[in-house]
Each structure stands twice: as structure tokens, then as C-alpha cells.
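Presented below is the structure to which this report refers.
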Number of protein chains: 2
Amino acid sequence: MSQIKETSTNYANKQALADECAEAYAANIMGGQWALVICSWLLNGKLRFGELKKHLPNITERMLTLQLRKLEASHILKRTVYAQVPPRVEYELTAIGYELRPIIKGMEEWGEKHKRVMATQKD
Amino acid sequence: MSQIKETSTNYANKQALADECAEAYAANIMGGQWALVICSWLLNGKLRFGELKKHLPNITERMLTLQLRKLEASHILKRTVYAQVPPRVEYELTAIGYELRPIIKGMEEWGEKHKRVMATQKD
DNA sequence: TATGGTACTATAAAAAATGTAAGTAATGTC
DNA sequence: GACATTACTTACATTTTTTATAGTACCATA
């Protein structure tokens, strides 16, 4: 998947932080350029690979695949393959995945508010 | 600060995402290995550089400085320097910084729950 | 036989984030 | 004058993440 060196200091630090801070643990799972937005789209229901791709205009297929695989490995979403040609694969949030909703919504609201606050600062 | 190339695809993608998805915008601000945990500690009140460092056992001074500067630039916290020797610098969340509390707490709870869920899977 | 659609994979390169190690400034105390 | 304290800064190395580009498999239809 992603190539993490289990001997690196960075790896050790992430582990240690995740062990004692559940919010850092969560951030590791939800980290990555597109993970949050993918989940955000999936909050409305299952989507196919190609549909997700359309919603994320500039993502490469490789990145989409990587992020989906990571989220799948963390049991945030589940992947269903239909034995068809051309292939059809659907992605859907799991129960724990859907529980991200209040957090994602919270971040959305906070982000909007932060934008407004920043607009009033003149730095 | 951090060296972002404004000509890179990555920069363009982040901008575009942040523009249309406030949750991605928020994630950019709160991103970084230690940012969330720093904010988490600061939810309990102002702390000095050295105190923060003690709370984050493996962080290097360079990383701590970088993350604090980034958070300051985003107006998540404010930095107060006291004209003393040896120096004394205090960091405190701003109003919009304190508004991260429900999000951080939400992530904390979700993280704990996710850990429990994962413990029951046998992969 | 050629073409098209879907969901990928492989490989390389570029960019970004993080870590390492050393040094700095100012001043009070020994 | 040497040393300790605090909050950094700088130069450089390494690791991790993201992007670029080009494939692949499958079968149905033209």
C-alpha cells in the first residue's frame, strides 16, 4: 500500500502519539489529501469508483485507489465487486464510517466560519 | 515556513479542494503530525513553548516551532513574547481556535470507538 | 478483428513533510 | 570570564505523500 518504514522515527512517533491520543489516531486514519472528501461524498450513500472520480475532478486514478484501499483497510468503507464486464465496484461507508458524519459536518462548519474570520483580518 | 511550490499540481489541487470543500480547508489548517495534539493541550489554557515540548515527548524543537508558526499564521493561536531573559513565550488559542473543541473531542471519541471496533475484527 | 468501457496496476519522478544536529542571543549567577 | 536557561534558527538528510504516464483484463458490440 503506502510504503512506511517501520524503523523510521516518524513511524515510531506516529505510533506513540496514536497510542495515547485518540484524536491523533483518528487523524492518521482520516489523513491524506482526499480521504475526508471521499468520506464526505459517501455520506450520501454508496458510489462507484468512476462516480467518485467525477466528484474529485483532479484526482488521479492511482490516488483514488490508494485512498480507497487505505480507508478499506481501516474499515471505514467496504468495497463490493460485481462480477461483470466492464467491472462494477461500489464503495459504501461502514457503520463506524457513517459515524464520522458529525465530525465532518463540524469541520465543514468550522471551516466556513474560519474563512469568514480570516476575511476580516487584514494580514 | 514550509516550502510549498505554488506552481505544483499538489498546491493547485489543495487550493481547488479547499475552495469548494470547507472540510478539506479545515483539514489543511489542522493538518500536520502534531497540530491537533498541540491544540488539544491548549484547550486547557495557555502554555509556554517548553511546557508544550514536555507534553509532546518526541517532538523536536524544529517541528514544534514549525507547527506553532503554522497555527499562528492561521490565527488558531496567538503567541505572546515577554521581554525577559531567558525568554518566555506563551501560546494560547484564539476564539476560533477554541471552537475546535467539539471537533477534537469528537475525533477523540470516534478514535476510541474505532479502536474498539478494530479490536473485534480479526484481520 | 477492432473498439470501448471500467476499475484498476506498475514504475518513476516530483514535491512535501519530518527528523538530525548544531548553533544563536541575552542576561543573571557562580 | 564560564555556564546555565529558554526559545528559538539554520543547514542538511531522510522519509512519506502525491503526481505523471503508461499500461492491463475482461467481454460485448460493431
Trp110(B) side chain to Ile96(A) backbone, donor-acceptor under 3.5 Å: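 Confirmed, Trp110(B) side chain pairs with Ile96(A) backbone.
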N/O donor-acceptor pair under 3.5 Å between Ser74(B) side chain and Lys70(B) backbone: yes
Pairs touching residues 73-87 of chain A that satisfy salt bridge (charged side-chain N to carboxylate O under 4.0 Å, His left out), sequence neighbours left out: Lys78(A)-Glu92(A)
Residue pairs, two or more places apart or on separate chains, that pass salt bridge (charged side-chain N to carboxylate O under 4.0 Å, His left out) and touch residues 10-39 of chain A: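 Listed by first then second residue: nothing to list.
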Minimal non-hydrogen separation, Cys39(B) against Ile76(B), with atom names: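 Heavy atoms only, the tightest pair is SG-CG2, 4.0 Å.
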Heavy-atom pair of closest approach, residues Lys115(A) and Ala18(B): NZ-O, 3.1 Å
In this structure, how many angstroms lie between the [atom2] atom of [N] and the [atom1] atom of [X], rounded?
X	N	atom1	atom2	answer
Leu66(A)	dT19(D)	CG	P	11 Å
Gln84(A)	dC27(D)	CD	P	13 Å
Ile59(B)	dT20(C)	CD1	C1'	14 Å
Met63(A)	dT21(D)	CE	P	16 Å
Asn58(A)	dT19(D)	CG	P	9 Å
Leu68(B)	dT9(D)	CG	P	10 Å
Ile4(B)	dT18(D)	CD1	P	15 Å

Derivation of the side-chain contact (heavy atoms from CB on, under 4.5 Å) call for Thr65(A) and Leu68(A): CA-CA 5 Å; Thr65(A) 302; Leu68(A) 288 170; 5.9 Å; no
Check nucleotides 2-7 of chain C against the protein and report each pair of N or O atoms closer than 3.5 Å, with its distance, or say if there are none.
{"residue": "dT6(C)", "atom": "O3'", "partner": "Arg48(A)", "partner atom": "NH2", "Å": "3.0"}
{"residue": "dT6(C)", "atom": "O3'", "partner": "Pro87(A)", "partner atom": "O", "Å": "3.0"}
{"residue": "dA7(C)", "atom": "OP1", "partner": "Arg48(A)", "partner atom": "NE", "Å": "2.9"}
{"residue": "dA7(C)", "atom": "OP1", "partner": "Arg48(A)", "partner atom": "NH2", "Å": "3.0"}
{"residue": "dA7(C)", "atom": "OP2", "partner": "Gly50(A)", "partner atom": "N", "Å": "2.9"}

Quiz item: Arg62(A) side-chain donor-acceptor pair to dT19(D) base, under 3.5 Å: yes
Qualifying side-chain hydrogen bond (donor to acceptor under 3.5 Å, both in side chains) pairs with a residue from residues 46-57 of chain B, counting only residues at least two apart or across chains: Lys53(B)-Glu61(B)
Contact nearer the 5' end of DNA chain D, comparing Thr65(B) with Thr7(A):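 Going by which nucleotide is closer to the 5' end, it is Thr65(B).
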Comparing Asn10(B) and Thr9(A) on DNA chain D - which has the more 5′ nearest nucleotide: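 Upstream on the strand: Thr9(A).
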Below 4.0 Å: OP1/OP2 of dT16(D) and any side-chain N or O of Ser8(A):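 It does, given that an N or O in the side chain of Ser8(A) lies less than 4.0 Å from OP1 or OP2 of dT16(D).
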With sequence neighbours excluded, residues passing salt bridge (charged side-chain N to carboxylate O under 4.0 Å, His left out) with Arg88(B): Glu90(B)
Sub-4.0 Å heavy-atom contacts from residues 11-47 of chain A onto DNA chain C, ordered by number: Asn13(A)
Sugar-phosphate only, base, or nothing, as touched by Gln67(B) at under 4.0 Å among non-hydrogen atoms: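 Touches sugar-phosphate only.
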